[in-house]
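Only one structure is covered here, and it is reproduced in the block below.
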Amino acid sequence: QALDISGSQQFAFAGVNLAIAQYELKEDEEAVKTLRKLLARYAEAFPDARAAYALVLWDQGDRIEAESQWDRATSADPRYRSEEWVSTFRRWPTRLMSVFK
């Protein structure tokens with residue numbers, strides 16, 4: 001099943017990809033800013049941003065907020081619990097996948 005990224009969410013999905021790329025390039029603060037902006041606008045409708053945000057927070061040591069964000073993301077879309085799905089369908093890069101594991 002594909003992610004629904006119709007309408008204005010197409011741009012938001014590109015924003016998540018930007019944030020993931022920023023994180024991969026160790027531009028952590030920029031990645032956090034990008035993800036927070038997306039979540040402010042698409043709070044409940046965008047688990048992809050929330051899942052990535054949760055992993056970045058976890059990596060930064062904010063375990064409590066990361067777990068809260070992860071629970072919200074995976075409740076909205078359980079596929080984010082699958083290592084295979086995020087690595088093959090979402091194609092998360094190495095650094096994000098290392099936090100996922």
How would you list, by chain and number, every residue that makes a side-chain hydrogen bond (donor to acceptor under 3.5 Å, both in side chains) with [X], sequence neighbours excluded?
| X | value |
| --- | --- |
| D28 | R95 |
| E65 | Q69 |
| D62 | none |

Closest non-hydrogen atom pair between [X] and [Y], with its separation:
| X | Y | result |
| --- | --- | --- |
| I20 | P93 | CG2-CD, 3.3 Å |
| A49 | L35 | O-CD2, 3.7 Å |
| A54 | W70 | CB-N, 3.5 Å |
| A31 | A19 | CB-O, 3.4 Å |
| S82 | F100 | C-CZ, 3.9 Å |

Approximate separation, where rounding is to 0.5 Å, of [X] [atom1] and [Y] [atom2]:
| X | Y | atom1 | atom2 | value |
| --- | --- | --- | --- | --- |
| E84 | F89 | CD | CZ | 12.5 Å |
| S68 | R63 | OG | CZ | 15.0 Å |
| T94 | E24 | OG1 | CD | 5.0 Å |

[Y] side chain reached by [X] side chain, heavy atoms, under 4.5 Å:
| X | Y | value |
| --- | --- | --- |
| V16 | R90 | yes |
| V99 | Y23 | yes |
| E83 | M97 | yes |
| E29 | Q60 | yes |
| Y53 | L38 | no |

Q. Out of curiosity, does Y80 fall in the hydrophobic cluster containing W58 (side-chain heavy atoms, cut-off under 4.5 Å, transitive links)?
A.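 In one cluster with W58: Y80, yes.
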**Q.** N17 side chain to R91 side chain, donor-acceptor N/O pair below 3.5 angstrom
**A.**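 Distance-only check fails for N17 and R91.
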